[in-house]
Asker: 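Let me begin by handing over the structure; questions about it come next.
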Amino acid sequence: MELGTTAPANIVDDNGRLGDSVIMTRMSDAIAWCRKWSLFPYPFITACCGMEFMATAATHYDLDRFGAALPRFSPRQADLMWVVGTVTHKQAPYLRQVYDQMAEPKWVLSFGVCATSGGFYRNYATVQGIDKIVPVDMYIPGCPPRPEMVMDGLLKLMDRIQGHRKTVLAEAIAEGES
Amino acid sequence: MAGAFETGEAYLAALQALLGDTIVSQHAHRGDMTLVVQTSAVADCLEKLAAAPGLQLDVLTDLTAVDYLPRTPRFEVVYHLLNFGTSLRLRIKVQVDDGEAVPTVSNLFLSANWMEREVYDMYGIVFDGHPDLRRILLYPEFEGHPLRKDYAKEAAQPRLELRDHRPWRDTPPEGVG
Amino acid sequence: MSKASTDFASRNVAAEIPMRLPDAAEYLHINIGPSHPATHGTVKVEALLDHETIVDCDVDPGYLHRGFEKEAEAHPYIQVMPYTDRLNYVSPLTNNVAYAMAVEKLADIEVPERAEYIRVIVSEISRITDHLTCLGPASMELGAFSVFLYMVRAREYLWQLIEEICGARMTTSYARFGGVAQDLPMNFGGALRWVIGEIHKVVRDVDILLTRNRIFYDRMRGIGILTADDLRSYAVTGPLLRAAGVARDMRRDEPYSVYDRFEFDVVVGERGDNYDRYMVRLEEILQSCRILEQALDQIPDGPILVDDRRFALPPKEEVYANIESLMDHFKLVMHGLQPAAGEAYAAVESPNGELGFYLVSDGSGKPLKCRVRPPSFIHLATLRQQLVGAQIADLVPIFGQINMIGGECDR
């Protein structure tokens, strides 16, 4: 995020003291910066991906350094719902209910292929992707995804929360050109 | 098998002596002693097998069913018995047709309660005398029995209204305008 | 060890009918789950409460029913292997090995000796990861957050080892019919011995933190007691049965693979309560380390896959070098393994109890029936009896010690 410039010359005193201690930026950028670095996850864990979520949140890979350490198991207190693992038709109404109970602003992260698209469970019992039920902001594929992938997905989501809405493809093209 | 009997023949002889003509057929494919018994007699057979001093097969480790469509009788309900001490094992099967009920063994083995519910859920086989025969792995509004061979794997279910968890939604609480 | 004839008629079956108390409306009716940190996400318990005491409850599993058996009936035998990883996903290698053993029994396939030793090594590694994953979150749910972090760190070392063997940390699909997929990597013995040292340190630390901890002891001692007779009737096996004093372990009583060549103790508790279950699991980790060290000393050289082209793929070098191997490869990949018609049941001592696969073949390349005998599901049936009369706060440790794994319970 660009933090803006230092203060313009006409609000600096004779000793030049206010110069570096004031940051000028847009309010929406500042609020988004606070939001993205203090996400409160609601881990809606159902299946095997929960084990990789546990590993990503624990000491070796550590989600705490991204501010997303404290899980809130009440949807009223959470703002990022991690849908971790397969969602079945029996579980689907509860997923929707938890999403509805969360207060704005809220984001949904789909962790693993089962949540993204049903995985390799193409049958009568499995919802073929949670985006049929709730709007999803970030999809992390993998069965299960490696913790590095999870962190990459979380960082991309944080970019989006900040307001950088470039798609992954556009970023890759830009990187290729530079 | 293991445990109490030296040979398969001795084991079979003991079983035949105990269960007599309720045995319809038997085999020991890959060393697993298997008996097919008459459906109406299955609860008695399991009770005798659990109580018999030489056998004491008093643990029902597994209860499941197999769909052999298009054969008649269509289903086989399979019981796996075990003795913890001698590690003696036995497989009992009964053959039932679509619509036929099987006597429950949930009054003999506490493990049978949930396993019979699962067989009912997946195959639609009714167990007579089960205290609480309802679906266990699927939701109550599910239509059909998915492990039947004529149920398509990717079959879709009818859409349902979300059950309303908020009964007060139309009538607000007292004192609220 | 089994007692004389049991009086079945005296069993109180009415106790199994849920929630039909005549005065149910007098009690507080609450819902625990199905999205709940301590129910491990997929079980709903509807409880009737009288202040803090659970008067009755209905346990509702099935929120992770993903149609394993239906998928198995639609795929060739080898393609069912990844589905078995996701059954008990904290000990996936045990599921792989159990399924491979069942197919080998059905199709009458032999396994070379080195492959048997490798299977024992990965099964015991899986046992340790399962117990760490059970005790870690169970302690966290009681407030001991550090224990969770220590155990997950230890599990991380084991997962790195598994990744070096199989290529995946968790969903391994490592066993093949007639052996295993790849051989052990170089210097595996050295790496495993180092990890065993770390496991010993973690177990010692957890022991110091929890075993004589007043709070932990009070919350676990005397909670969730099930007698040996009840356990036998519920067909409970594994640490829950051993905690009640019944010394049954399939590795000792019905030895499979090469388990009869190792010396290890069967860990048995006394009272069958939560505290004994915790102690049984903690000690079993150390016994598994013992087996691992012996296996590393005894493992012979040799092939890791049976040399029978009806069941096992030929090595890639031969496939590209001569036409017979190419044809064998083609036939096996296109048509798969086709066992003779029949049925077979094979079971292993998984970390949760007796994990069995009952396979029925009709002679084609896909199983007619692939049943998992799921210890988690069968053990979850005991939950209602343990909860009725207990406090609502006891639900968390009781549920944690049952070690209900959703993938195996609901399949």
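Each chain gets a letter, A, B and so on, in the order the sequences are listed, and its residues count up from 1.
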Asker: Taking the side chain from Lys70(C) and the backbone from Pro146(B), do they hold a donor-acceptor pair closer than 3.5 Å?
Answerer: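 Present.
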
Asker: Counting heavy-atom pairs under 4.5 Å to chain B, which of Leu241(C), Thr382(C), Thr237(C), Asp60(C) comes out on top?
Answerer: Leu241(C)

Asker: Which answer fits Ala65(B), side chain, backbone, both or neither, if we ask what part of it has an atom under 4.5 Å from a heavy atom of chain C?
Answerer: backbone

Asker: Would you sort out whether Asp58(C) and Arg134(B) count as a salt bridge (charged side-chain N to carboxylate O under 4.0 Å, His left out), showing the intermediate values?
Answerer: CA-CA 12 Å; Asp58(C) 184 25; Arg134(B) 56 194 163 107; 3.0 Å; yes

Asker: Relative to chain B, which segment of Tyr358(C) carries a heavy atom at a distance below 4.5 Å: side chain, backbone, both, or neither?
Answerer: side chain

Asker: Give a yes or no answer on whether the side chain of Asp253(C) reaches the backbone of Phe84(B) with a donor-acceptor pair at less than 3.5 Å.
Answerer: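 Such a contact is absent between Asp253(C) side chain and Phe84(B) backbone.
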
Asker: Kindly compute the distance separating CZ (Phe377(C)) from CD1 (Ile136(B)), expressed to the nearest 0.5 Å.
Answerer: 4.0 Å

Asker: Quick one: what part of Asp410(C) sits under 4.5 Å from any heavy atom of chain B, side chain, backbone, both or neither?
Answerer: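 Answer is both: backbone and side chain atoms of Asp410(C) are under 4.5 Å from chain B.
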
Asker: Any chance the side chains of Glu343(C) and His27(B) put a donor and an acceptor closer than 3.5 Å?
Answerer: yes

Asker: Under 3.5 Å, side chain of Lys369(C) to main-chain N/O of Tyr68(B), donor-acceptor pair present?
Answerer: no

Asker: Are the side chains of Met122(B) and Glu69(C) in touch, meaning some heavy atoms are under 4.5 Å apart?
Answerer: no

Asker: Does any heavy atom of chain B fall under 4.5 Å from the side chain of Val59(C), the backbone, both, or neither of them?
Answerer: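 For Val59(C), heavy atoms of backbone and side chain both lie under 4.5 Å from chain B.
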
Asker: Can you see which heavy atom on Ser111(B) is nearest to which on Tyr234(C), and at what distance?
Answerer: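 Minimum heavy-atom contact is CB-O, 3.4 Å.
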
Asker: Is any side-chain heavy atom of Leu82(B) closer than 4.5 Å to one of Arg248(C)?
Answerer: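 Of all side-chain heavy-atom pairs linking Leu82(B) with Arg248(C), at least one is under 4.5 Å.
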
Asker: Start with the C-alpha distance between Arg371(C) and Val78(B), add both sets of side-chain angles, then the distance that settles side-chain contact (heavy atoms from CB on, under 4.5 Å), and finish with yes or no.
Answerer: CA-CA 11 Å; Arg371(C) 155 85 179 167; Val78(B) 183; over 6 Å; no

Asker: Which value, rounded to the nearest 0.5 Å, describes the distance between Leu137(B) atom CG and Cys409(C) atom SG?
Answerer: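 These two atoms lie 7.5 Å from each other.
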
Asker: At a 4.5 Å cut-off on heavy atoms, which part of Leu368(C) comes close to chain B: side chain, backbone, both, or neither?
Answerer: both

Asker: Answer with yes or no whether the side chains of Arg373(C) and Thr64(B) bring together a donor and an acceptor at under 3.5 Å.
Answerer: no

Asker: Counting only heavy atoms closer than 4.5 Å, note whether Ala346(C) contacts chain B via side chain, backbone, both or neither.
Answerer: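 No part of Ala346(C) comes within 4.5 Å of chain B.
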
Asker: Given that the side chain runs from C-beta out, which part of Asp108(C) has a heavy atom under 4.5 Å from chain B: side chain, backbone, both or neither?
Answerer: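 Both parts, backbone and side chain.
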
Asker: Quick check: closest heavy atoms across Arg232(C) and Val59(B), and the distance to 0.1 Å?
Answerer: CG-CG2, 3.4 Å

Asker: Hey, could you give me the CD1/CG distance between Ile378(C) and Leu60(B), rounded to the nearest 0.5 Å?
Answerer: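 So the CD1 of Ile378(C) and the CG of Leu60(B) are separated by 8.5 Å.
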
Asker: Taking atom NE2 of His65(C) and atom CZ of Arg135(B), what is their separation to the nearest 0.5 Å?
Answerer: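 Atom-to-atom, His65(C):NE2 and Arg135(B):CZ are 9.5 Å apart.
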
Asker: With a 4.5 angstrom heavy-atom cut-off, is it the side chain or the backbone of Ala341(C) that approaches chain B, or both, or neither?
Answerer: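 Answer is backbone: N, CA, C or O of Ala341(C) sit under 4.5 Å from chain B.
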
Asker: Is there side-chain contact between Leu147(B) and Glu73(C), with heavy atoms separated by less than 4.5 Å?
Answerer: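 Yes, their side chains come closer than 4.5 Å.
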
Asker: Return the minimal non-hydrogen interatomic distance between Arg30(B) and Lys105(C), and the atom names on each side.
Answerer: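 Where Arg30(B) meets Lys105(C) most closely, the heavy atoms are CD-O, 2.8 Å.
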
Asker: Determine whether a donor-acceptor pair (N or O, by modelled atom type, separation under 3.5 Å) exists between the side chain of Ser87(B) and the backbone of Glu254(C).
Answerer: no

